[in-house]
Amino acid sequence: MQIPVIEPGCIPPDPVSPDSLKGIPRQQTNPARRSIENWKGFVEHLRSQSVLVREEKSESSVFVTDAGGLAFGLPHGVVRPNSAEDISKLLKAAQRFRVPVTVRGGGLTTEGESVAFGGILLDMSSLNKVLEIDTKAMTVRTQAGIFWHQLAEILRREGMDYLSAPLNLTASVGGTLGVGGIDVNSPRLGCSCDQAIELQVVTPTGDIMHCSETENPELFERVLLGYGQFGVITEAVLKIRKFSPLTMQYYYYASLTTAIEDLQMLSKADAADYAGILTILDRAITLLVAFDSDERQKDFEKKWKPKLRGHGEFGFGLLMAKYYLLRPWKIEEALYIVSRRFTLFPEFNRAEFMRDGKIIDRTVVFSRAVWKFWGGRQMVIPDLSAKAEKFAEAVERGNAVCRKYFKYYTLYCVGIKLKGNLPRYEMSCIPPDASDIAYGCEFEPMLRDTDYSRDYLQSFKNEIYDIGVDMGLSYYRFGGMMKGYIRSVFGDELVEKHLAMKKAADPAMILNPDVIF
Amino acid sequence: MNEIITDVVIVGSSLAASGCAKRLVDAGFDVIVLERHALPRHKVCSGILSPRGHRFLFENFGPLPREILHEPTFCKGVTFHFPSMVSIPMDFFGGPTPHLNRQFSDYWAIKRSGAAVHEKTTFESLQDDGKSVNIIAKKAGAEIRYKARFVVGADGPKSRVRHSVYPDYNKTIPWFMVGQKFQAVIECPLDDDYFHFWFHPELGYYTWSHARNGRQILGVGFPLGGNLHRYHANVEEYVRNKHGVKLEKAEELEGCSHNFGPSLINRYVFGKGNVLITGQAAGFFNMIAEGMSCALHSGAIAGESIVEAAQSNRPVQQVYRSLIASEVRRCTDQWNPFRIIFSNPHEADFKAALFKLDKQDQKLVLKDIWRFLKIYAPYKWGRQILSQSLIREINGEYLPSRWL
């Protein structure tokens, strides 16, 4: 019996029955390791051009999975480039020898997008230098393999700061620009990728190109939010700003819908510099707002604070006490909320990061807290993004799924400002029907020390993704979306359009081949 | 003597083995699969996979080639037939599901997993010294030794791996025999698109029929020691008289024994030390005797556990037993009366179909089911199912202490 080989991007007809697997992804999401015909020839060819391919298992096994921990695969070799030229040589050879190349920055994807199922893993973390900080033009030019916390550290020496970065600062700049990047200041500043002014990109055929809104704008729009399909970002010029400490305030809600309405009100009116919702289960819902300046804060307190329906901490404590006193069988949940409150909140106010009641280093505070209280070795964070009108329903439905699967979880909601009707938003985390501000919610189980089978975690994520398909939403894709869903979410026509563009840009379909198509 | 050293040896090359091998090979482990027959080998099976199993195959091994399917290529759902002559057809939630030709589907899956397969090699015995497992196998009469860090027994109901870890286990559980005959069709009013199942205590413990490659399969299950021909003749006569199914004389027959029971009462066998037992060898069996989807998933979990244990430097049994809990819940929930009444642990909606009947028929059906269940009374599963189900409702989990 012949075992058929399936080319990427091609969905063969279903011999079982045309309507089998209803509503279920029709694409392989856990591919087998590719066999590569002339691997030796490929490695030799690259060596002759002084690009080193590391083939030891000890090198490749480091990259066996991503933060999601559900997809596993081993590359045949790892390349750590020293320059864009190295990548150019690699991609040219990869086109010729038809070797897949998977690009990896921080490896924070959750559906195996940065896992190489054979071929080359291009480890971008070797390109991690800040090249130029221009305090007049307020820009920074940096290599794209740098992690955000490194970039923040270097900017701080000049009294500067980045605009917005994903909360998880071990993401790389290049990876973030490729997927979006959402922060609590995204309702004001948009995705992290919208801060990019100019990029240096190596195209899938190995050309080193510069692009911006004026130079090669088509490439610029494809590469941003392009999920690594149209080029490898090697350098980026990003907007920066002067560093300023920030003050944070919390408002507590017992109802998700009310909190979401208030978040939307603030985001729409640009009432705060930062705004987001973090919850403990769906019981203790915290709306957090933060300000870069005293003026903005005063303005907020005068105009917007009276309109918020959230409680102060004491009032909310009483409310919770009443709720759980009437429901003594939920004592475990109550204790969890209390313990979470007393371990988590002080972390945002640690003395070493505070001066005069202001957080002087959001980078450290946020990333520390994220990793200490939400992160773990495995990130299981499916998400949904919706236009304003659909958002509350999406969160409620996702919340019901979390309840079904996990004892403890957190929801994290935030607005994402759109920069206009840009081509980059097509087939991205921005839902097609959103205008002005889209909203995203992450559904994050507290995995703690419990082990779950991959099937269990994947089933949970699929149920969240199913809501997206059902309601016509998109996904933040902070960590990715299961490949098989892309067609059901965006429709065949749009996916085919992008596939045609991809085939034109990448004839051998070698660059990040298992991510979308 | 030559010794073959590898990371993991999987015994058996069925679907549980493929699921396991896939997880391990993906994570870079060297895996050898021992199969006693030459591949592709024949396997006794209805071949009707559940949609959940279909999805697993699709996501892990890719689109199914036509060659691995029988005709009809799909099955839309299950039809329950009752002695009171009420019949209830139910569609699967996930849409039509494949009718696998196990000879080729298993071969395809194990090949796609990327593991090395040593064919015509029979597992004989093993010894676990705590650090690694030494295995003795036989090929063409000659002894072959393997040394592996982990061994996975995915070798079916009569598992030899399980036997070498728990020599007395086979004597402690009831055994069933299922047999099916293939007959050319003269007249068959049963819908080809469905798998037919009879809740009839006088026919057998498990009675089914479906179409395959232009013939009709009539199958029946009974306690080990029963006479297949007698049971089968009885079923044939019944379907002829009651359903008008007229068939030619049987052209072929096949049968095998099954360890039906452990999944009902949460008595799984997961192995010891560095030896993991998975699939039907561990006791996984879905309700309508479909074992493939839970074999795939439990096999995959055995693989995941080895990967996780190696990464986090924990004992593999500990990891396996915590990861497998979700599959145990899913499988045992199917027999849990509370789950059946208050939610739906199955892949088709029996309750909805039942509610569609008129009151009279509903009563008849429930009475028939009760009469059917009574034939299982000698096994004394009822109380165990109830107590396990209660614990599940209170605790959220089935008791791991009942696993071997």
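In what follows, chains carry the letters A, B, and so on, assigned in the order in which the sequence lines appear, proteins first and then strands, with residues in each chain numbered from 1. Owing to the predicted nature of the structure, the values given are computational and were not obtained by experimental measurement.
Ranked by heavy-atom pairs under 4.5 Å with chain A, the list Glu308(B), His99(B), Glu327(B) is led by Glu308(B). Of the listed residues Pro65(B), Ser312(B), Ser113(B), the one with more heavy-atom pairs under 4.5 angstrom with chain A than any other is Pro65(B). Of the residues considered (Ala27(B), Cys75(B), Gly95(B)), Ala27(B) shows the highest number of contacts with chain A, using heavy-atom pairs under 4.5 Å.
At least one side-chain heavy atom of Pro96(B) sits less than 4.5 Å from a side-chain heavy atom of Asp19(A). Ser20(A) places a side-chain heavy atom less than 4.5 Å from the side chain of His54(B). Thr73(B) is not listed as a side-chain neighbour of Pro15(A), based on a closest heavy-atom distance of 4.5 Å or more.
Here CD of Gln311(B) is found 9.5 Å from OG of Ser61(A). Values are rounded to the nearest 0.5 Å. Here the CD1-OH distance, from Ile324(B) to Tyr456(A), works out to 14.5 Å after rounding to the nearest 0.5 Å. Arg23(B) contributes atom CZ, which lies 5.0 Å from atom CZ of Arg454(A) (distance to the nearest 0.5 angstrom). Taken to the nearest 0.5 Å, the CZ atom of Arg314(B) stands 4.0 Å off from the CG atom of Asp451(A).
Counting non-hydrogen atoms of neighbouring residues, nucleotides and ligands closer than 6.0 angstrom, the CD atom of Glu332(A) reaches no more than 12 such neighbours. In this structure, Glu37(A) places its CD atom where only 12 or fewer heavy-atom neighbours from other residues, nucleotides or ligands lie under 6.0 Å away. Dense packing is recorded around NZ of Lys330(A), with more than 12 heavy atoms of other residues, nucleotides or ligands lying under 6.0 Å away.
Heavy atoms of Arg52(B) lying under 4.5 Å from chain A belong exclusively to its side chain. The parts of Leu64(B) that come within reach of chain A are both its backbone and its side chain, each placing non-hydrogen atoms under 4.5 angstrom from that chain. For Lys57(A), the part lying under 4.5 angstrom from a heavy atom of chain B is the side chain only. For chain A, the nearby part of Val307(B) is the side chain; its heavy atoms alone come within less than 4.5 Å. Residue contact with chain A, scored on non-hydrogen atoms closer than 4.5 Å, involves the backbone of Thr97(B) exclusively.
Closest heavy-atom contact between Lys22(B) and Pro31(A): NZ-O, 3.0 Å. For the pair Asn30(A) and Asp26(B), the tightest heavy-atom approach, listed with the atom from each and the gap, is OD1-OD2, 4.0 Å.
Ion pairing of Asp455(A) with Arg330(B) is absent here, as no side-chain N (NZ or NE/NH1/NH2) approaches a carboxylate O to less than 4.0 Å.
The ring-ring contact (aromatic ring centres under 6.0 Å, His included) search around His297(B) returns Phe56(B), not counting sequence neighbours. In terms of the salt bridge (charged side-chain N to carboxylate O under 4.0 Å, His left out) criterion, Arg149(B) has no residue partners (sequence neighbours excluded).
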